Peer 1: 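I am attaching a structure below and will ask some questions about it afterwards.
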Amino acid sequence: MHKKFDHEAIEKKWQKTWKENSIYDVSERDIAKEKEFVLVEWPYPSGNLHIGHWFAFAVVDIYVRARRMQGKQVLFPIGFDAFGLPAENAAIKHGLDPKAWTESNIAFMKTQLESMGNAFSWNMTASSIDPLYYKWTQWMFTEFFKKDIAYRGEGSVNWCPGCNTVIANEQVLGDGTCERSGDVIEKRQMEQWMLRITQYADRLIDDLDALDWPEPIKEAQRQWIGRSKGAEISFTLSTGDTLNVFTTRADTLFAATYVVLAPEHELVAKNKTLIQNWSEVENYIREASQKDDIIRTKAEKEKTGVKLEGITATNPATGKQIPVYIADYVLKSYGTGAIMAVPAHDERDFAFATKYNIEIQQVISGTEQLPFAHHGVLMNSAEFNGMDSEEAKGAIITKIGGTLRSTYRLRDWSIGRQRYWGVPIPIVYDPEGKPHSIPKEHLPWHLPTDVDFTPTGEPPLAKSAELKERVERIFGKGWTPEVETMDTFVDSSWYFLRYFDNSNNVEFSSLVKQKDWMPIDIYFGGAEHTTMHLLYSRFWQKALLDLGLTTFSEPYKRRINRGLVLGPDGNKMSKSKGNVIDPDIQVRSLGADTVKMYLAFMGPYGETTNYPWDMGGIAGIRRFLERVYGLSEHVISADSAETEQLFTKTIVKVSADISAYKFNTAISALMILLNHIEKHGVSNASYEIFLRLLAPFAPHLTEELWSVQYKDTTIHESAWPTPNTLLPDEEVITLSVQINGKMRGTVLVSPRATEQEVVAIIQNDHVLKSKLEGEIVKVIYVPKRIINIILHTPP
RNA sequence: GCCGGAGUGGCGGAAUUGGUAUACGCGCACGACUCAAAAUCGUGUGUCGCAAGACUUAUGGGUUCAAGUCCCAUCUCCGGCACCA
């Protein structure tokens, strides 16, 4: 047998050589080449690389290396999203310095990342905690503040008791718990720093159409934004107030037999002297406010509410006086916080009206069964009778003077965090308490270090004497600092713009460099970011566009969401389950190439399927690479025609599969080729082609084998193999034979054979001819594919 | 409830987009090498059947010369949204 495949020595050796020669650094944009910006989500430096990082980065490296060999100038940067709670929690628990803790994590993770052997553009890295990075995060915030994209507003916010901070809507999971800590979120009324993402709702939805993204991701964003197109209609109350309601069913206005306000609606408290049953109403409001949203929306469908005695509303279509209710099934935060209720054509209104004995009037014909929530033809609607719902919407709105409007599920993005380890919000308050942005010359606005991390519910920065002193020194007596820091999703909303201009100290990212590299050609990442990071950064880009700071309205041309690597038991990896696979251990025993290739072989990348780790499976990949290591023993003087043909096929297949992120089938094609070579031998030229095809998958091993013949070049700068198009058609092919639609066997024929010739061959085939008993009624012949012979069979 | 996606061997998964279902890998069985084991190599491996053969891509229908692939209905799993007017 051949010498031992010493992956450890090989991998160390080439990683060192690559690093010394900086072969993966990306210099100035080279116009002679097409560019490709491949982005992966920058990791949080938790201090240990887990298998998920390998799945996220090492598999993508296959794509990157193939593109490089295909002559593209590829930008494949990596950096660190290094602000965030874990550092602060380490400070609280173990008295460590968050900065030192994070920096040592980064240093260690860098060495782990290097052990992957990826073609990272290390000269174009960035880190969110670098003051030269967060200077620009702060500067963009101040620009947003000046343009009123950032504002301070009072509102209902999500308070996480575990994290001791406010979090954004997107960071609350479906079951009402915190995305980070898992704690149940409380609703609080607070002043908050917000970004006006809702102003971009239409563009965030409409611009999705042009993106080359998987449809499910686009659809999830559309649903999250939740646009519904409808109309705002005014009802006049007997108090003299105008009540605006939002409806998507203006066509049912004639059936609006009551209106409902959210308990918190301002017109309720405003008219308390006119409400005859005020104490009952007040009670109901208090009860409603004590239920948090989770209980309020999960509360079984039983509807509750109170009629406002002494107040009525006028239906603008019928002129009738209708009752006014408050009920907590109407939400203050959605639409106008009030609805026109149409019990005949809305399930919720129907349930409520039935319970409280309110009139039910049908206006959509075609059923006896109410509620009927579908569209149809109008009845009981005066001059609109006989009109179709869709048409009637417009006609009725026009007649009663309503306005077309969209309303959204999306809320503004709350970005203030009552925590320490983040970007300080660059705002100071004057003695009157009015906020002012910090001028550019004072940026970066440094994060103070003289703080006490003990959680008290008060933001840690409030305890910094240095910060107070700094503000008074610069701005004057009586001025006070903002003490909140930013959501880390702010840091990651623009990081990709910094990578390729990471030493620019005049701009966050120059327009020239942006033109060189943007947009991102392909962004690989986790499905969990669909309605968080992916939405935030799209918004950020559009805000920059409006400020003239970029010319791109969308950052990501293509996006691929990947799945998860599960433990060998099929469960999500977790310390408590004891099913965690440590990549360092795998790399030590089997090699980086093996781990990377195994992850790529598990299944198609780019589907959000979750794959269990299989110890046997990775051993199979290791066996494959060991056989490759000894492959030179099979080099012979020339290839057979069959071998040449298989090479052509494999080159086409592997190239296409990599472009489609189907690394699993690309690997399978390489395995088939190896199996063939070991049996039949391979010419030296083809052996090199094999190595080049494998190079993106097993960069260290192939570099080692390449170096045996080419001392001074690297395989990773060699050209990607192209198929030999001059190969003749195969002389004979195997054609499948069906008789009466059933597979009966195969025959060997020329690819150019005629139907008659093929039928004659089948009639002479010892096995097949016995099945051809009867008159041939019809023959379907698809050259190179199949022949189907239909016989007349007597009854 | 609404909107997506998916159901293929013992397992991960293939299938030129309507043309030999189960590629490739794992696992398993047998054999070779070995005192023995591991490793390695070879052979076999959808199900039933001694065989000829029949059946088989969640289930039931349909279209077609031909269906894993297209159409209709049903079931199950995963993800998103959900008292959103």
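Predicted model only: the values in this text are computed from it and were never measured. Proteins come first, then strands; the chains are lettered A, B, ... in the order of their sequence lines, and each starts at number 1.
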Peer 1: Strictly below 4.0 Å: does A:Tyr334 bring a side-chain N or O up to OP1 or OP2 of B:A85?
Peer 2: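 Checking A:Tyr334 against B:A85: at least one side-chain N or O falls below 4.0 Å of OP1 or OP2.
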Peer 1: Is there a Watson-Crick or G-U wobble partner for B:U57 with both distances under 3.5 Å, and if so, which one is it?
Peer 2: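 Pairing partner, where one exists within any strand: none, as none qualifies.
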Peer 1: Is there a side-chain contact between A:Tyr781 and A:Val759 in this structure, where contact means two heavy atoms from C-beta onward sitting under 4.5 Å apart?
Peer 2: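 No. Closest side-chain heavy atoms not under 4.5 Å.
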Peer 1: Do the ring planes of A:Phe524 and A:Tyr605 sit parallel (below 30°), tilted (30 to 60°) or perpendicular (above 60°)?
Peer 2: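 Ring orientation of A:Phe524 relative to A:Tyr605: tilted.
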Peer 1: Over 60° means perpendicular and under 30° means parallel, so tell me whether A:Phe690 and A:Phe624 are parallel, tilted or perpendicular.
Peer 2: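 Rings of A:Phe690 and A:Phe624: tilted, as their planes differ by 30° to 60°.
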Peer 1: Can you tell me how far P of B:G79 sits from CH2 of A:Trp224, to the nearest Å?
Peer 2: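 These atoms are roughly 16 Å apart.
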Peer 1: Roughly, in whole Å, what's the span from CG in A:Leu173 to P in B:G79?
Peer 2: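 Spelled out: CG on A:Leu173 to P on B:G79 is 12 Å.
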Peer 1: Nearest-Å distance, CZ (A:Arg622) to P (B:A39)?
Peer 2: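 In whole Å, B:A39 P lies 14 Å from A:Arg622 CZ.
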Peer 1: Decide, for B:U17, between syn and anti: a glycosidic angle within 90° of 0 counts as syn, anything else as anti.
Peer 2: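 Syn conformation here, the glycosidic angle of B:U17 being no more than 90° from 0.
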Peer 1: Report the distance from atom CG of A:Leu625 to atom CZ of A:Phe697, rounding to the nearest 0.5 Å.
Peer 2: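 A:Leu625 atom CG to A:Phe697 atom CZ measures 11.5 Å (nearest 0.5 Å).
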Peer 1: Applying ring pair (Phe, Tyr, Trp, His ring centres under 6.0 Å), run through A:Phe352 and A:Tyr325 and close with a yes or a no.
Peer 2: CA-CA 10 Å; A:Phe352 191 82; A:Tyr325 284 80; 5.3 Å; yes
Peer 1: Can you confirm whether the side chains of A:Glu41 and A:His533 place a donor and an acceptor under 3.5 Å from each other?
Peer 2: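 Their side chains do not contain a donor-acceptor pair, so the 3.5 Å distance test is not met.
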Peer 1: Rounding to a whole Å, what distance do you find between A:Leu410:CG and B:C81:P?
Peer 2: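 To the nearest whole Å, that distance equals 13 Å.
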Peer 1: NA contact type, A:Arg744, heavy-atom cut-off 4.0 Å: base, sugar-phosphate, or nothing?
Peer 2: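 Sugar-phosphate contact only - A:Arg744 comes under 4.0 Å of backbone atoms but never of a base.
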Peer 1: Can you check whether A:Thr608 has a side-chain N or O nearer than 4.0 Å to OP1 or OP2 of B:G5?
Peer 2: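 Answer no for this pair, as no side-chain N or O of A:Thr608 is under 4.0 Å from OP1 or OP2.
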Peer 1: Using the P atom as the reference point in each nucleotide, state the distance between B:G68 and B:U63 in Å, no decimals.
Peer 2: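 16 Å, rounded to whole Å.
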Peer 1: A:Glu678 CD to B:U40 C1': how many Å, rounded?
Peer 2: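 One finds 12 Å between C1' of B:U40 and CD of A:Glu678, rounded.
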Peer 1: B:G13 P sits how many Å from A:Leu599 CG, rounded?
Peer 2: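 Interatomic distance, CG of A:Leu599 to P of B:G13: 14 Å.
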Peer 1: Could you measure between the two C1' atoms, the one in B:C75 and the one in B:U59, and give it in whole Å?
Peer 2: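 It works out to 7 Å between them.
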Peer 1: Nearest whole angstrom, please: distance from the P of B:C81 to the CD of A:Glu528.
Peer 2: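 Spelled out: CD on A:Glu528 to P on B:C81 is 13 Å.
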Peer 1: Can you find a side chain N or O atom of A:Lys218 that sits less than 4.0 Å from OP1 or OP2 on B:G80?
Peer 2: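 Checking B:G80 against A:Lys218, no side-chain N or O comes under 4.0 Å of OP1 or OP2.
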Peer 1: Who is the Watson-Crick or G-U wobble partner of B:G18, with both distances under 3.5 Å?
Peer 2: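 Pair assignment: B:G18 / none.
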Peer 1: If pairing requires Watson-Crick or G-U wobble contacts with both distances under 3.5 Å, which nucleotide is the partner of B:G4?
Peer 2: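 With both distances under 3.5 Å, B:G4 matches B:C78.
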Peer 1: Using 30° and 60° as the class limits, which term best fits the ring planes of A:Phe663 and A:Tyr661: parallel, tilted or perpendicular?
Peer 2: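 Rings of A:Phe663 and A:Tyr661: perpendicular, over 60°.
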Peer 1: Whom does B:G25 pair with, Watson-Crick or G-U wobble, provided both distances fall under 3.5 Å?
Peer 2: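 For B:G25, the partner nucleotide comes out as B:C11, under the 3.5 Å rule.
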Peer 1: Using the P atom in both, what is the distance from B:G19 to B:G10, to the nearest Å?
Peer 2: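 Per the computed distance, 25 Å lies between those P atoms.
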Peer 1: Flag the pair A:Glu302 and A:Lys355 as a salt bridge only when some basic side-chain nitrogen lies within less than 4.0 angstrom of an acidic carboxylate oxygen.
Peer 2: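 Salt bridge flag = yes for A:Lys355 with A:Glu302.
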Peer 1: Only pairs with both distances under 3.5 Å count, Watson-Crick or wobble alike; so what is the partner of B:C84 in this structure?
Peer 2: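 When the pairing criteria are applied, nothing turns out to pair with B:C84, so the answer is none.
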Peer 1: Taking the P atom in each of B:U22 and B:A29, what is the distance between them to the nearest angstrom?
Peer 2: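 My reading of the P atoms in B:U22 and B:A29 gives 24 Å.
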Peer 1: Nearest to the A:Ala220 side chain among B:G80, B:G12, B:C84, which nucleotide is it?
Peer 2: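 Among B:G80, B:G12, B:C84, the one nearest the side chain of A:Ala220 is B:G80.
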Peer 1: For B:G9, does the glycosidic angle fall within 90° of 0 (syn) or outside that (anti)?
Peer 2: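 That one's syn.
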Peer 1: Within the 4.0 Å limit for protein heavy atoms, which parts of nucleotides 15-25 of chain B are touched? Write it as a string from 5' to 3', B for base, S for sugar-phosphate only, - for none.
Peer 2: S---BBS-BBS
Peer 1: With sugar-phosphate meaning primed atoms plus P, OP1 and OP2, does A:Phe246 contact a base, only sugar-phosphate, or nothing at under 4.0 Å between heavy atoms?
Peer 2: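 Base contact.
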Peer 1: When the P atoms of B:U74 and B:G1 are compared, how many Å lie between them, rounded to an integer?
Peer 2: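 Those two atoms are separated by 12 Å.
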Peer 1: Give me the distance, rounded to whole Å, that separates B:G5 from B:C11 when you measure between the C1' atoms they each carry.
Peer 2: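 B:G5 and B:C11 have their C1' atoms separated by 22 Å.
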Peer 1: Suppose we define a pair by two distances each less than 3.5 Å, Watson-Crick or G-U wobble; what does B:G31 pair with here?
Peer 2: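 In the structure as shown, B:G31 has B:C41 as its Watson-Crick or wobble partner.
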Peer 1: Charged N to carboxylate O below 4.0 Å: is that the case for A:Asp206 and A:Arg227?
Peer 2: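 Looking at A:Asp206 and A:Arg227, the cut-off is met.
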Peer 1: Checking base pairs now: Watson-Crick or wobble, both atom distances under 3.5 Å. What partners B:U69?
Peer 2: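 Its partner: none found.
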Peer 1: Using atom C1' in both nucleotides, what's the gap between B:U57 and B:A23 to the nearest angstrom?
Peer 2: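 It works out to 15 Å between them.
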Peer 1: What is the pairing partner of B:A36, taking Watson-Crick or G-U wobble pairs with both distances under 3.5 Å in any strand?
Peer 2: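 The base-pairing partner of B:A36, which may sit in any strand shown, does not exist here.
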Peer 1: Taking B:U69 as the reference, what is the distance to B:G61 when you measure between their P atoms (whole Å, please)?
Peer 2: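 That atom pair is separated by 14 Å.
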